[in-house]
Amino acid sequence: MKIEALGIIGAGQMGSGIAQVSAAAGIDVIIYDLNASSVERMVSSIELNLDRLVAKDKISWQDRDGTLARIVGTTDLAPLAGADFIIEAATEDVRIKQSILQDVGQIRKAECIIASNTSSVSITKLAATLKDAPNFIGMHFFNPVPAMGLVEIIRGIRTSDHAVAVTIEFAKTIGKTPILVNNSPGFVVNRVLVPMINEAIFLLQEGVASKEAIDAAMTMGANHPLGPLKLADLIGLDTCLAIMTVLHRDFGDSKYRPAKLLQEMVDAGQLGRKTSQGFYTYQ
Ligand code: NAD
């Protein structure tokens with residue numbers, strides 16, 4: 001099944017990135033967000049990214065204009081009814097996602113596959129919101145989407161072989177490398193990565209080392225390209241907290257308890273790059 005029209009729900013950092021790479025691969029994209037300001041930000045951030053690629057001679061002006069022309073932002077869900085494939089990339093909150101999926105279930109084409117880009121919510125649980133659970137799947141992209149090669153394809157207990165095959169093919173079409181994972185809290189990457197970030201926040205909270213020292217320890221001592229606290233700012237501290245909360249609850253193991261400092265920073269609205277303030281300050 002060839003995907004010609006893609007619907008995306010949520011025009012935040014992930015939705016924008018997925019829109020950019022899909023449109024660059026020649027797919028028409030309609031991206032819906034309930035906040036008009038997110039839609040406006042999405043368009044300007046994609047423009048900025050594409051302008052940088054032109055400046056670096058990675059794409060032509062024609063590619064830039066063609067990619068932009070294939071992306072339509074909307075604050076109305078109805079136009080997504082024509083999509084062959086829909087990706088939900090809204091805020092990491094199970095109730096928000098369930099409510100979106102109920103609405104999408106009312107408007108989508110019968111053969112449309114629906115994927116969630118959730119970082120941590122059970123795909124099997126989200127699928128139960130839909131009448132057509134076999135056509136529901138997890139498609140977990142990484143941030144920033146244009147730069148990151150991997151997509152975890154998550155199979156819920158009722159996901160069909162057809163949905164898996166279409167999603168793997170779609171991931172390849174937009175230049176990503178898919179790996180197939182069975183539904184499990186945190187899937188693969190976040191089950192390893194986010195507890196490491198949480199542990200770095202514990203180190204900071206306990207005064208074991210400064211944020212700069214913790215990040216330097218992991219970039220130079222473990223050869224990570226980015227320190228864990230800078231990475232937390234990039235992912236979004238709200239998303240990190242949501243993932244730790246799910247791991248803690250679903251495994252029932254205290255080793256996954258979120259650091260108090262992480263909770264406090266989220267309560268303070270210091271969510272990282274997207275709010276210009278996290279462990280570091282951004283302009
Ligand atoms: P974000 O905060 O940048 O964007 C979320 C967007 O969802 C916002 O624009 C918000 O207005 C919109 N939204 C909220 N409720 C909505 C609704 N009912 N209908 C339509 N839009 C709605 O968040 P993000 O970082 O882009 O994350 C989005 C999803 O992607 C989350 O599930 C997150 O766990 C997942 N994810 C994030 C990362 C990451 O590194 N940030 C990586 C992989 C997956």
Side-chain angles (χ1 to χ4, degrees), residues 7-21 30-46 73-80 86-107 114-123 125-126 129 137-154 171 176 179 181 185-194 197 226 228-247 266 269-276 278 282:
I8 300 175
I9 297 166
Q13 45 183 355
M14 296 306 290
S16 305
I18 299 166
Q20 182 184 322
V21 296
I30 301 184
I31 176 161
Y32 157 75
D33 200 293
L34 81 181
N35 289 315
S37 59
S38 292
V39 175
E40 283 160 24
R41 257 200 316 275
M42 177 268 302
V43 173
S44 47
S45 87
I46 294 177
T74 171
T75 51
D76 177 12
L77 186 63
L80 275 71
I86 294 178
I87 301 175
E88 175 281 310
T91 307
E92 186 75 350
D93 176 315
V94 66
R95 278 161 304 183
I96 291 178
K97 290 184 185 296
Q98 285 172 327
S99 144
I100 288 172
L101 291 175
Q102 268 163 6
D103 294 344
V104 170
Q106 306 294 322
I107 59 140
I114 302 177
S116 175
N117 181 46
T118 179
S119 303
S120 61
V121 181
S122 161
I123 295 304
K125 182 174 180 172
L126 287 177
T129 318
I137 194 161
M139 193 174 189
H140 186 217
F141 288 85
F142 293 84
N143 189 17
V145 177
M148 301 295 279
L150 184 73
V151 178
E152 284 177 314
I153 310 283
I154 301 113
K176 301 298 173 196
I179 57 161
V181 175
F187 317 130
V188 172
V189 174
N190 283 339
R191 182 156 159 198
V192 177
L193 183 68
V194 185
I197 290 172
L226 207 60
L229 300 172
K230 279 208 174 125
L231 183 57
D233 280 354
L234 180 69
I235 293 172
L237 301 194
D238 52 340
T239 301
C240 292
L241 177 62
I243 296 167
M244 286 312 297
T245 305
V246 167
L247 291 174
V266 172
Q270 298 186 341
L271 307 182
R273 279 178 183 268
K274 63 184 165 187
T275 59
S276 304
Y282 303 87

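Numbering of ligands and ligand atoms starts at 1, following listing order.
- The nearest protein atom to atom 22 (C) of ligand 1, hydrogens excluded, is given as L34 CD2, 3.3 Å; this is a heavy-atom distance.
- Here the shortest heavy-atom distance to atom 8 (C) of ligand 1, taken over I31, D33, V189, D93, belongs to D33.
- For the pair Q13 and ligand 1, the shortest N or O to N or O distance falls below 3.5 Å.
- Residues L150 and I179 are in side-chain contact: their nearest non-hydrogen atoms beyond the backbone lie under 4.5 Å apart.
- Regarding atom 37 (C) of ligand 1, its nearest protein heavy-atom neighbour is M14 CG, 3.4 Å.
- Inter-residue side-chain proximity for N190 and H140 is flagged as met; some heavy-atom pair is nearer than 4.5 Å.
- Partners of K230 according to the side-chain hydrogen bond (donor to acceptor under 3.5 Å, both in side chains) rule, which considers only residues two or more places apart in sequence or in another chain, do not exist here.
- Taking every non-hydrogen atom of S38 and a distance limit under 4.0 Å, the qualifying atoms of ligand 1 come out as 8 (C), 9 (O), 11 (O).
- Among all non-hydrogen protein atoms, the one lying nearest atom 23 (O) of ligand 1 is K274 NZ, 3.9 Å.
- When only interatomic distances are considered, the shortest N/O to N/O separation between F141 and ligand 1 does not fall below 3.5 Å.
- The shortest side-chain heavy-atom distance between M139 and I87 falls under the 4.5 Å cut-off.
- For atom 14 (C) of ligand 1, the nearest non-hydrogen atom of the protein is T91 OG1, 3.1 Å.
- Under 3.5 Å, the side chains of T118 and E92 contain a donor-acceptor pair of N or O atoms.
- Here the side chain of E152 pairs a donor or acceptor atom with the backbone of V188 at under 3.5 angstrom.
- Taking only nitrogen or oxygen atoms, main chain and side chain alike, I96 does not reach within less than 3.5 Å of ligand 1.
- Ranking the protein heavy atoms by distance from atom 34 (O) of ligand 1 puts S119 OG, 2.6 Å first.
- At the shortest separation from atom 40 (O) of ligand 1 among protein heavy atoms lies N143 CB, 3.2 Å.
- Of all atoms in ligand 1, numbered sequentially from 1 with element shown, those under 4.0 Å from a heavy atom of T118 are 32 (O).
- Checked by distance only, ligand 1 and I100 stay at 3.5 Å or farther apart across all their nitrogen or oxygen atoms.
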Could you pull out all donor-acceptor pairs under 3.5 Å where a side-chain atom in residues 238-247 meets a protein atom, sequence neighbours excluded?
unit_1, atom_1, unit_2, atom_2, d
D238, OD1, K274, NZ, 3.1
D238, OD2, K274, NZ, 3.2
T245, OG1, L241, O, 2.7

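- Atom 30 (O) of ligand 1 has N117 ND2, 2.9 Å as its closest protein atom, hydrogens excluded (heavy atom only).
- Between T239 and ligand 1, no N or O atom pair is found at a separation short of 3.5 Å.
- Remark: the S116 side chain and the E88 side chain contain an N/O donor-acceptor pair separated by less than 3.5 Å.
- At under 3.5 Å, a nitrogen or oxygen of E92, whether backbone or side chain, sits near a nitrogen or oxygen of ligand 1.
- A side-chain contact (heavy atoms from CB on, under 4.5 Å) with M42 holds for exactly one of D33, I8, I31; it is I31.
- Set against the non-hydrogen atoms of Y32, the atoms of ligand 1 under 4.0 Å away are 19 (N), 20 (C).
- If you check each of A90, G12, G10 against atom 29 (C) of ligand 1, the one with the closest non-hydrogen atom is A90.
- Among protein heavy atoms, atom 41 (N) of ligand 1 sits closest to I235 O, 2.8 Å.
- Geometrically, ligand 1 and E88 share no nitrogen or oxygen pair separated by less than 3.5 Å.
- Using a 4.5 Å cut-off on side-chain heavy atoms (C-beta onward), I235 and I197 make contact.
- At a threshold of 4.5 Å between non-hydrogen side-chain atoms, the residues K176 and V21 count as touching.
- Residue contacts with ligand 1 include A89, since one of its heavy atoms falls under 4.0 Å from the ligand.
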